[in-house]
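Reviewing the structure listed below.
These numbers come from the heavy atoms of this one structure, side chains and all, not from hydrogens, waters or symmetry mates. So that the names make sense, note that chain A is the first sequence line, chain B the second, and so on, each numbered from 1. Source: prediction; values computed, not measured.
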Protein chains: 2
Amino acid sequence: MANANELIDDIGFHLERLGLSRTSGRVIGALMLASDATADAPTLTEQLGVAKSSLSAAVALLERYGLVQRMPGASRRERYRLTEGLFESVFFSKQGELGAFADLAERVLDQGDLAPEAQARVERMRDFYRFLLAEYPRLLERWEESRRS
Amino acid sequence: MANANELIDDIGFHLERLGLSRTSGRVIGALMLASDATADAPTLTEQLGVAKSSLSAAVALLERYGLVQRMPGASRRERYRLTEGLFESVFFSKQGELGAFADLAERVLDQGDLAPEAQARVERMRDFYRFLLAEYPRLLERWEESRRS
DNA sequence: TAGTATGTTCGGTATGTTCCGAACAAACCG
DNA sequence: CGGTTTGTTCGGAACATACCGAACATACTA
């Protein structure tokens, strides 16, 4: 049985693929393993062995991405909570990227006078991303449904 | 109407999000706009204004990713071709990543003795990625079908 | 109010990545 | 064969980024 730190590092390492820094990923890992999905800053710096400045930057990033929230509280000591449905929101936030690619294709079609073959290629690219964009909500519905059962 | 170079840069810029280098992205862009989706190396270095060493590295990367193929030919001068169905294969190649996340969750469940709430959270993560993994082939089928009409 | 705890900002350092040009290897051509 | 074209490998420069520690600002507490 691995200790918590190894698991946290494992999670953090994998989360780098999503464009997070190592430290941000490890913060997510620590929160994942915490029973109530929360922790405060001093505990995290201690547990992860990072400077508080690094933690501050990491949490700021996670907050911008909507993956972690600051918990309102009376105390000066801040508490952070993992966003509910974290991985779902990470996945479905890629819709923006899909839209960007569809727009890119559209822009190329608008601005360029392409050879017919090239035009067909770009149209197919556009159609594919439009297709995905249309399918994502359906995917989400299906997931919600499968969770209920 | 924008000139081809601007379009290539636009495509290249967006393709960096998929983890490609700028130069690799611009190679894809140039091939996208070429009528037959091919080009040879000297033309590309000239058109993109990069050193041939950079082009060599970029093409090697694209080949490893399966996005570009070397065309068999008699001449020493190599010709590169965009892989058919490029964007589809880019998208569906993410299945590997989904699997990695499912495995990660499984590993955490196996190795850690978690608080019940944490365990539920990790199980949900695992189930979500398994769900996506199962849905992807279905998505592909639907796209194929929608293309036929 | 003085002192302590908490979090952010800033400058410097270490690390990794991308690109270029030079050196090299191999194929083609006169 | 000798010279040229083509592509790869290698070393180094430029750049970006993450992290740390110090300085700072603000809120709590005695």
[X] [atom1] - [N] [atom2] separation (whole Å):
X       : N      : atom1 : atom2 : answer
B/Leu44 : C/dC19 : CG    : P     : 14 Å
B/Tyr80 : D/dT6  : OH    : C1'   : 9 Å
A/Glu16 : D/dT17 : CD    : P     : 14 Å
B/Glu78 : C/dA26 : CD    : C1'   : 12 Å
B/Arg77 : C/dA27 : CZ    : P     : 18 Å
B/Glu46 : D/dT6  : CD    : C1'   : 16 Å
B/Arg79 : C/dA27 : CZ    : P     : 21 Å

Of A/Leu55 and B/Leu55, the one whose closest nucleotide on DNA chain D sits nearer the 5' end is B/Leu55

Can you work out whether A/Arg22 or A/Lys52 has the more 5'-proximal nearest nucleotide on DNA chain D?
A/Arg22

Are [X] and [N] close enough that a side-chain N or O sits under 4.0 Å from OP1 or OP2?
X       : N      : value
B/Ser53 : C/dC20 : no
A/Ser56 : C/dT8  : yes
B/Arg70 : D/dT8  : yes
A/Thr23 : D/dC19 : yes

Ion pair present between A/Glu145 and A/Arg142, side-chain N to carboxylate O less than 4.0 angstrom?
no

Check A/Arg70 with A/Glu63, please: is the shortest side-chain N to carboxylate O separation under 4.0 Å?
yes

I need the B/Asp103 CG to B/Leu98 CG distance, nearest 0.5 Å.
11.0 Å

For a quick check of understanding: with a heavy-atom distance under 4.0 Å over all strands, which category does B/Arg76 fall into, base, sugar-phosphate or nothing?
base

Have a look at B/Ser21 and say if it touches a base, only the backbone sugar-phosphate, or nothing, with a 4.0 Å heavy-atom cut-off.
sugar-phosphate

Before you tell me yes or no, could you show the steps for A/Glu78 and A/Tyr80 under side-chain hydrogen bond (donor to acceptor under 3.5 Å, both in side chains), namely the whole-Å CA-CA distance, both residues' side-chain angles and the distance that decides it to 0.1 Å?
CA-CA 7 Å; A/Glu78 292 187 348; A/Tyr80 309 117; 3.2 Å; yes

Acceptor/donor pairs from residues 41-55 of chain B side chains to any protein atom, 3.5 angstrom cut, sequence neighbours excluded:
from	atom 1	to	atom 2	distance (Å)
B/Thr43	OG1	B/Asp40	OD1	2.5
B/Thr45	OG1	B/Pro42	O	2.8

